[in-house]
Amino acid sequence: MKKTDIIILAAGKGTRMQSRLPKVLHKLAGQPLLSHVLTAAKTVNNAKSVVVTGFGADQVESTIANAADVFVAQPEQLGTAHAVQCALPHIRENAKVLILYGDVPLIAPETIANMLETVTSDQMGLLTVTLDDPTGYGRIIRDADNNISAIVEQKDASPEQLQVSEVNTGVMALDSEQLMRWLPQIDNKNAQGEYYLTDLIAIARAASVTVKSIQPKSPEEVEGVNNRVQLSQLERAHQRENAQKLMESGTSLADPERFDQRGDLNVGTDNFIDVNCIFEGTVKLGSNVTIGPNCQIINSAIGDGVEIKANTIIEDSVVGDNAVLGPFARLRPGTELADNTKIGNFVETKKAKVGKGSKINHLSYVGDAELGEGVNVGAGTITCNYDGANKFKTIIGNNSFVGSNSTLVAPVKVSDNSFVGAGSTITKDTEENSLAIARAKQRNIEGWKRPTKKG
Ligand code: UD1
Ligand code: MG
């Protein structure tokens with residue numbers, strides 16, 4: 001296939017977003033709108049992406065950075081044809097040019113491929129869609145032979161043309177030579193005083209070039225974002241599709257309307273995901289995983305048969321097979337749990353390696369720690385890893401038992417098979433096969449009298 005230059009128009013301010021942020025940087029599924037378009041553009045082989053910026057150009061460029069090949073500024077927004085004109089110096093000779101929009105985020109790679117493959121180099125391709133309510137869009141005008149002859153913008157259309165329900169999506173493909181030859185012929189003599197890219201259609205017709213229309217698989221693919229209501233609607237449409245794919249691949253969702261995937265989710269089969277779970281970044285789930293309601297999983301890998309109970313947060317962590325987590329557990333970055341581990345309610349872990357079968361069941365903080373196999377950490381145990389300046393490590397050996405409400409002042413080691421008495425403050429390494437106890441001795445005071453109320 002010919003090399004492809006993809007121009008993405010992203011200069012508009014997006015006044016109706018009521019925002020200081022350029023419209024194309026508003027997020028859908030956790031990513032800027034423009035990033036979605038660039039991701040779709042990247043699926044085209046031998047492609048070069050040229051992004052036309054305007055409002056907030058510096059911010060757009062620094063946020064998107066190397067996801068695009070070239071950024072070009074359109075100093076004033078004089079219309080879509082003018083925006084494309086600004087990109088022309090970066091267009092290669094003998095290339096196919098595809099025009100996309102930074103605020104139309106859900107364009108599918110399949111639709112782009114279909115367009116580039118079916119439109120021959122002596123034709124021009126136009127993506128059109130038929131809408132129940134075509135208000136605001138450019139209408140597709142066809143001749144007696146049903147060939148496309150022009151696009152008429154809403155503001156320039158006659159009452160008869162306004163009845164047409166087939167509309168221009170704005171997405172088009174044509175040869176770079178044609179674009180370079182035709183673009184200078186476009187003027188701004190229309191209702192909006194703008195240079196309309198859509199005038200290319202009538203010019204192509206005058207040059208006897210066939211305009212071939214292609215339709216997307218779903219109308220959401222070509223819907224633009226103009227305000228926050230539309231943004232939320234597209235977000236849901238996108239999430240519904242994610243949910244559908246997940247269910248088709250063998251995962252059950254309690255409610256596909258309450259599921260959010262903001263990144264890549266790689267799953268086995270027979271998983272169950274309850275309502276309001278959010279998956280961010282790159283997440284891998286094994287098979288037979290059960291996830292309770294309101295969990296957030298970020299950039300983590302979860303093994304087979306894991307049970308994650310309600311309100312658990314897992315970030316940059318690895319969880320072994322058959323682990324049981326939560327409810328209300330928080331795994332912070334660098335947590336690595338081996339198989340059959342248990343992290344219970346109100347337990348926070350950070351940079352913690354936990355060996356096979358070990359349990360931290362209640363109300364604990366375990367950070368900068370390495371736990372062996374078969375360890376039991378009692379309720380309320382804290383690894384004191386920080387002296388206000390530096391962090392230190394706690395090591396807990398195989399099969400040891402840390403009694404409730406103990407503080408382990410790092411750097412410190414609880415040796416294999418040792419037992420720490422409840423309420424101890426451990427500041428020295430413990431000995432293998434022995435009990436370490438570090439708490440004030442209890443005294444029972446006989447005959448002691450309870451205070452009584454005065455007066
Ligand atoms: C455009 C089409 C219309 C189509 C509709 C689909 C034209 C003349 N009209 O109309 O036929 O039905 O899209 O949504 O093309 N932009 C720039 N620089 C400019 C002007 C626009 O970068 O000078 C960008 C905008 O940021 C936006 C896109 O181009 O992303 C479309 O511009 P917009 O003003 O929204 O065009 P519409 O009137 O919606
Ligand atoms: Mg628009």
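Indexing begins at 1, ligand by ligand and atom by atom, following the structure's order.
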Presence of salt bridge, Lys96 and Asp5, under 4.0 angstrom
no

Output yes when the distance from some N or O of ligand 1 to some N or O of Gly138 is under 3.5 Å, and no in every other case.
yes

Compute the minimum heavy-atom distance from Val167 to ligand 1 and say whether it is under 4.0 Å.
no

Give the atom numbers and elements of ligand 1 that come within less than 4.0 Å of a heavy atom of Leu9.
22 (O), 24 (C), 29 (O), 30 (O)

For the 3.5 Å polar cut-off, considering only N or O atoms, please tell me whether Ala11 and ligand 1 meet it.
yes

Are the charged groups of Arg330 and Glu315 less than 4.0 angstrom apart, N to O?
no

For ligand 1, which atoms sit closer than 4.0 Å to a heavy atom of Gly79?
19 (C), 20 (C), 23 (O)

Can you list the ligand 1 atoms lying under 4.0 Å from a non-hydrogen atom of Leu78?
23 (O)

Can you tell me which portion of Tyr137 lies within the under-4.0 Å heavy-atom range of ligand 1? Options are side chain, backbone, both, or neither.
both

Taking a cutoff of less than 4.0 Å between a non-hydrogen atom of the residue and any ligand atom, is Glu153 in contact with ligand 1?
yes

Pair Lys284 + Asp264, salt bridge at N-O below 4.0 Å:
no

Electrostatic pair Arg139-Glu166, nearest N-O below 4.0 angstrom:
no

Which atoms of ligand 1 sit under 4.0 Å from any heavy atom of Gly12?
26 (O)

Ligand-residue contact atoms, ligand 1 with Asn168, heavy atoms, under 4.0 Å
2 (C), 3 (C), 4 (C), 6 (C), 11 (O), 12 (O)

One finds that the ligand 1 atoms under 4.0 Å from a non-hydrogen atom of Asp103 are 27 (C), 30 (O)

Testing Gln123, Glu117, Met124 one by one against Thr120 for a side chain to side chain contact (heavy atoms under 4.5 Å, CB included), which residue passes?
Gln123

Are any of the side-chain nitrogens in Lys217 or Glu221 under 4.0 Å away from the carboxylate oxygens of its partner?
no

Under a 4.0 Å threshold between the charged nitrogen and the carboxylate oxygen, would Asp175 count as salt-bridged to Lys2?
yes

Counting heavy atoms only, which part of Gln74 comes closer than 4.0 Å to ligand 1: side chain, backbone, both or neither?
side chain

Ring geometry between Phe259 and Phe279 (parallel below 30°, tilted from 30 to 60°, perpendicular above 60°)
tilted

Close-contact set for ligand 1 against Tyr196 heavy atoms, below 4.0 Å:
8 (C)

Contact partition for Thr169 relative to ligand 1, non-hydrogen atoms under 4.0 Å:
backbone

Going by the atom numbers of ligand 1, which of them fall below 4.0 Å from some non-hydrogen atom of Ala83?
17 (C), 18 (N), 22 (O)

Applying side chain to side chain contact (heavy atoms under 4.5 Å, CB included), run through Val72 and Val51 and close with a yes or a no.
CA-CA 6 Å; Val72 52; Val51 175; over 6 Å; no

Lys356/Asp339 ion pair, N-O < 4.0 Å:
no

